[in-house]
Structures are given as C-alpha cells and as structure tokens.
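This is a predicted model, so every value here is computed, not measured. FYI, side chains are in, hydrogens and waters are out, and symmetry mates aren't considered; it's all heavy atoms of this structure.
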Amino acid sequence: MIKQLFFSLGIAIFICSCISNETAKADLIITNANIWTGDLDALKAEAMAIKADTLLAVGSLEKILKFKGKVTEVQDVQGKFITPGFIDAHVHLLMGGNSLLSVQLRDADSKQEFIDRIASFTKSLSPGQWIVEGNWDHTLWGGELPNKDWIDEFTGNNPVAIYRMDGHMILANSAALKIAGIDKYSPDVENGEIVKNLDGTPTGILKSEAMYLVLNKIPILTKAEKEKAISTAQDYLISQGVTTIHDVDSLGGYEVLDKMNSEKKLKIRVYSANPLKYWESISTSDKNSKWLKRGLMKGFVDGSLGSHTAAFKEPYSDKPNDKGLFIVNEDSLYNWVSSADNKNLQVTVHAIGDKANHTLLNIFDSVIKKNGKKDRRFRLEHAQHLALEDIKRFSELGIIASMQPYHAIDDGRWAEELIGSERMKTTYAFKSLLNANTTLVFGSDWPVAPASPIYGIYAAVTRRTIDGKNPKGWVPDQKINVVEALNAYTKDAAYSSFDEGIKGTLEPGKLADFVILSDDLMKVEPVKIKDVKVLETYIGGEKVFKEN
C-alpha cells in the first residue's frame, strides 16, 4: 500500500510539473458555477480550467479566463452547484450489474408482488437459466421469510438463488436445492443454517455459509457476461454522480476490468478488492493506474442484522437464545490480516454486530503492535453496531470507518425490535465517530442499497427512515451536517484508498472528476436533499453523463 501511496503522489507531482507552464491553455473552462471544492484553503470557487484530464486552475472567473485559448470550450453552468466526483467506498460491482439485469425485488412490498415479479421474469428465460440477485426485503411485507413453495409453481425449469438485500441470506427453489443435494436429511454447515419446516424439509432459506451449498453450483459467469454486467453497472453509477468506486465484490471481475481498461471501455475509476484469505495471490508489483488499481483485501467477521447473523455480545432482543455468529474464526482472521499487512496490502474487514466490531478492533490492535507502525490505513467496513467504549478506539488505532448511511434509514424501520433501545444509541454512530476524530468514509453497499450519494447524504443528515415514521430522525443524536457527509464521499474517501494526491477535492493538479447538481446542497432544506438531481457527471474532464 505504501507503493500505492507513492504512486498516487507521484502522479500528482507529475501532473503539476506538466501544467505549471504559464502558457498552458485549457481544453475546457467551466464558468458561472457555484463550486464546493472540498479544499479547506479555497472552499468556494466560481470557475475552473481543465487541460486533458486534469484541473489547471480553480478560482475566480478573472483568474480562470487567463487559461482561455483559441480552441478552449467555455461552458456556462448558470450558477449550478458543483462538487468533486463522488467516491462510493463500498460497491459490489458485478452483483450490482447482474441485479440490474435480473428480477427486481428490492421494493416488492407484498408476498403477492414478490411472487408475481418472479413469475413474470421467468417467462423471459430459457430452461435451465438461473435466476439470481433479486435483493428482496421481507420486512416490507411484515417479516415473513419467503418460502420455495411460493415460487416452485413458476420456476420448475429455472433454478433460483435470490439474495435477501443484505447478501447474507438466499431463497433457493426446489430446482436449486436438488442441484445442490439439499434435502430434509442435510445437516447444517458450520457458521450457517439450512432453515427447515417442522417436518425437516428445507424452506429454501439458506443463511450465511449455508448459502454456498447452492451459490457454488451456479455456473461461473463468462467473461462476456461479466463485461455486460460491469458495463451496465458503470452506466448506472455514473448517472448517480459516482466517479470512483471501491469494488468489494469477490466474483472475479478484475481480469475483465483490466481488459476493459486496456480497450478504453472502462468509464469509471475502480479500486478493486480481493478476498482477504487469498492475500498470497496478489502481487504488490501490479501496474496500477488512474483508472484501475488493486491492493485492497476484503474480509469478514460476521453476517448481517436482518438475517440475525450479526455477532453481538448479548442476545437479540427478539431471540433470547441467539447472539448471531462469526463467519470466520479469530485465529484465521488474525493470520490473514497480519500476513496481508506484512505484504503492504491494505486490509478492510466487514463487521456488523458489537462483538464483531470489538473483536476486529482487537485484531487490528494486535497486528499493529506486532508489525510496527506505518501508514497502513486499516478499514472497518460497516461498523454498524458499536459498544460505546469501542468508538474512541477507531481514532486511537487509526482505523477508517467505512459506512453506508442509507442503511440507517432502511434498518431504522425495524432494528429496535432486534437490538433494543439501548444498543440503538450507538448504531450507525456517524456523529460519535466524528466527534472522536475518526476518519469516516461513505459508500452505498450497492446493490444492497441504492448507489446514490445524494440519498446517502440525505440519510446521514436527516436519518428519516424510509417508512416516514421518524420525521425528526432515527437516533437523531447521530445526525451529521452536509459538509461532513460530503467529505465522507469525496476527500476522506480518496484518503481511504491512498488517492488523496490525485482526487477527492477540486484543486489544481488533481483529476477533473466532478458533478453538477440541480441544487446547492448547502442551502437546500435537509428533507429535500433526496430530491436533488445529478445533471452532469465528468470524469477526467470528459462529460460521461447528462440528464435527459
């Protein structure tokens, strides 16, 4: 990772040396703008000049017009609000692309709607073709988990393995269970559960590690299928104002991304993660670029709150004999983190429950003491439910909290029933973490949640749950302001990938990645932030999206 830092800084130095010539003329000048640069030394500007993919200058119109040449394009944005390009620090790229190409269940709000959408989608498929993704949410229809019996009538010729929205539970139909060899006699797997009826027959619900009994039977995507999914995904992300993603998928998309990059088909910048347990397979000599790089290793401690697989110190409020579970054992996790860190790879690990977060912080602490001080930038993904005493440890250990604010206004509809009112106080604890001087970065977890930074900012600032039942905010003490949320999607997100030298703020010498919005996020009423539109997205000075 130190090499990645030097690489990023080196690009910035090279860019600055190339554009320092006073005679340099811009390819594009943006005027009459309301620019929030993210640069504390010059937070506001009215114009900016761009040469190739780089910002020549940002500031007053008088200053910027000095860079106007005979062929310079000048764009008057009529006072619109501009921010640095949004960086989504937690995306499942291939899953997201496949979800756009599959049945859409995320907002199915009744049992019948769930069934009807699957039945309708199946009509477009060939026999034997799998139905995947889906991303259903059973809380929308009262909390009853779906059952294979709901859909077997319509899917006899098509195996089904569709995720609950959190990715830690699937519904498989009878065809998929048969392929996987799962029946009433199948034993549970370690760190997972095959949910069964009273007579022992599987319901089709598989939790955590049990999911892979079916998921591992799904035919591997071809390179063409992966490219189609990635192309679909990047177009969607760019339309949301996202210019860089941290792809935490584990579906083997890097080779396709590399090919697309070499063929100039990659439109969005990608920091690609690999499974932590395969740390040995990643070379620190990879040729990273401004478009694609890797070196991030992604691990897991536990599952998710909604599937009761998040690991807590005390039992779930609605299930007094259930404390959740660890997906991997502590010794393995420690060894993987330590080994990857010794190899100068960046480590990020998923933790949801307070026990999972506490355990992971202990592991990070032990590895830091064992391997010595350096600029490693460990990340903790989600950090959803924290013990009060653990909040200060993030800053003390230099751990980055990589969180997804939309989850707060989604989970807030039902989380109290699962964890009670006391544990709620430090759930999605954005403000407490910032008050403790933690580096906080935001992402979406798409396709688990919408890949919209605008929605994310709205969620962080208002904490109004999506059911409309918390107009003053769910756990309102944890609200943050717009600038804090913007920093988490831009400047600090760039820092979390060792890219602060080339992106995250709009400054001379940095990449010309920016977004033009319909409204000033600093002035719009907080409850109306969600209605702000992305009008245009620029990556490397090129307009890659324009609202119709």
Side-chain angles (χ1 to χ4, degrees), residues 91-126 128-177 179-180 182 192 194-195 202-208 210-221 225-226 228-229 232-233 236 249-251 303-307 309 406-407 410-411 444-451 466:
V91 165
H92 300 271
L93 185 62
L94 270 172
M95 288 179 66
N98 284 328
S99 73
L100 293 174
L101 298 170
S102 187
V103 61
Q104 304 297 303
L105 299 173
R106 180 64 180 81
D107 59 349
D109 57 6
S110 70
K111 172 181 175 179
Q112 194 58 50
E113 181 68 17
F114 175 89
I115 294 170
D116 289 347
R117 290 191 188 186
I118 293 173
S120 176
F121 182 75
T122 303
K123 294 176 182 178
S124 67
L125 303 180
S126 304
Q129 190 172 348
W130 282 73
I131 302 174
V132 296
E133 298 304 334
N135 302 305
W136 46 269
D137 178 6
H138 63 299
T139 68
L140 294 178
W141 59 75
E144 181 186 4
L145 287 171
N147 190 298
K148 62 180 174 59
D149 295 341
W150 294 9
I151 60 173
D152 274 349
E153 176 184 351
F154 311 103
T155 60
N157 295 321
N158 298 97
V160 174
I162 47 176
Y163 282 104
R164 184 185 183 273
M165 64 175 190
D166 58 14
H168 293 273
M169 185 190 300
I170 64 170
L171 173 67
N173 68 346
S174 290
L177 293 175
I179 290 171
I182 297 173
I194 301 171
V195 178
T203 68
I205 292 292
L206 305 173
K207 296 184 178 183
S208 291
M211 298 189 302
Y212 296 99
L213 298 173
V214 167
L215 295 180
N216 288 339
K217 299 297 183 180
I218 299 174
I220 296 173
L221 293 173
E225 289 171 331
K226 288 181 179 181
K228 180 180 180 181
T232 302
Y236 167 68
D249 237 331
S250 57
L251 300 180
S304 72
L305 182 67
S307 63
T309 55
Y406 189 89
H407 288 336
D410 196 349
D411 292 8
S444 64
D445 204 5
W446 183 64
V448 176
I466 60 176

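- The backbone N or O of G96 sits less than 3.5 Å from a side-chain atom of S99, completing a donor-acceptor pair.
- Side-chain atoms of W130 do not come within 3.5 Å of backbone N or O of P219 as any donor-acceptor pair.
- Nearest heavy-atom pair across G204 and L177 is CA-CD1, 4.2 Å.
- Checking T122 against N158 by side-chain atom types alone, no donor-acceptor pair falls below 3.5 Å.
- The distance from the CG atom of N98 to the OG1 atom of T232 is 9.0 Å, given to the nearest 0.5 Å.
- In this structure, H407 has no ring-ring contact (aromatic ring centres under 6.0 Å, His included) partners at least two apart in sequence or on a different chain.
- The CE atom of M95 sits 11.0 Å away from the OG atom of S102 when rounded to the nearest 0.5 Å.
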Checklist entry - When you look at I179 and V214, which way does the side chain to side chain contact (heavy atoms under 4.5 Å, CB included) test go after all the steps? => result CA-CA 8 Å; I179 290 171; V214 167; over 6 Å; no
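- The closest donor-acceptor contact from the side chain of S120 to the backbone of R117 lies at 3.5 Å or more, if one exists at all.
- Taking the side chain as every heavy atom from C-beta outward, V195 and L145 never approach each other to under 4.5 Å.
- Judged by distance alone, the side chain of T309 and the main-chain N or O of S304 form a donor-acceptor pair under 3.5 Å.
- For V91 against S444, the heavy-atom pair with the smallest separation is CG2-OG, 4.0 Å.
- Closest approach of T155 to I118, counting heavy atoms only: CG2-CG2, 3.8 Å.
- Scanning both residues, H138 and P146, for their nearest heavy atoms gives CB-CD, 4.3 Å.
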| request: Please report the C-alpha distance between Y406 and I466 in whole Å, then the side-chain angles of each, then the deciding distance to 0.1 Å, and finally whether the side chain to side chain contact (heavy atoms under 4.5 Å, CB included) criterion is met. | output: CA-CA 9 Å; Y406 189 89; I466 60 176; 3.7 Å; yes
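- In this structure a side-chain-to-backbone donor-acceptor pair under 3.5 Å is missing from E133 to Q104.
- Of the possible donor and acceptor atoms, none in the side chain of N147 sits under 3.5 Å from a partner among the backbone N and O of W150.
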- Item | side chain to side chain contact (heavy atoms under 4.5 Å, CB included) between L206 and M169, worked out | CA-CA 6 Å; L206 305 173; M169 185 190 300; over 6 Å; no
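- Note that CD1 of I170 and OG of S208 are 11.0 Å apart. Values are rounded to the nearest 0.5 Å.
- For Y236 against L100, the heavy-atom pair with the smallest separation is CB-CD1, 3.8 Å.
- Summarising the geometry, atom CE belonging to M211 is positioned 5.5 Å from atom OH belonging to Y163; distances are rounded to the nearest 0.5 Å.
- No donor-acceptor distance shorter than 3.5 angstrom exists from the side chain of S126 to the backbone of Q129, with no hydrogens or angles considered.
- Note: D116 CG to F154 CZ = 7.0 Å, rounded to the nearest 0.5 Å.
- The distance from the CG atom of L105 to the CE atom of M165 is 13.0 Å, given to the nearest 0.5 Å.
- Ring pair W136/F114 is perpendicular by interplanar angle, where above 60° counts as perpendicular and below 30° as parallel.
- Take D410 and apply the salt bridge (charged side-chain N to carboxylate O under 4.0 Å, His left out) test, not counting sequence neighbours, and it matches R106, R413.
- Residues D249 and L94 share a closest heavy-atom pair of OD2-N, 2.7 Å.
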>> Would V160 and I151 count as a side chain to side chain contact (heavy atoms under 4.5 Å, CB included) here? Give the steps.
In response: CA-CA 9 Å; V160 174; I151 60 173; 4.0 Å; yes
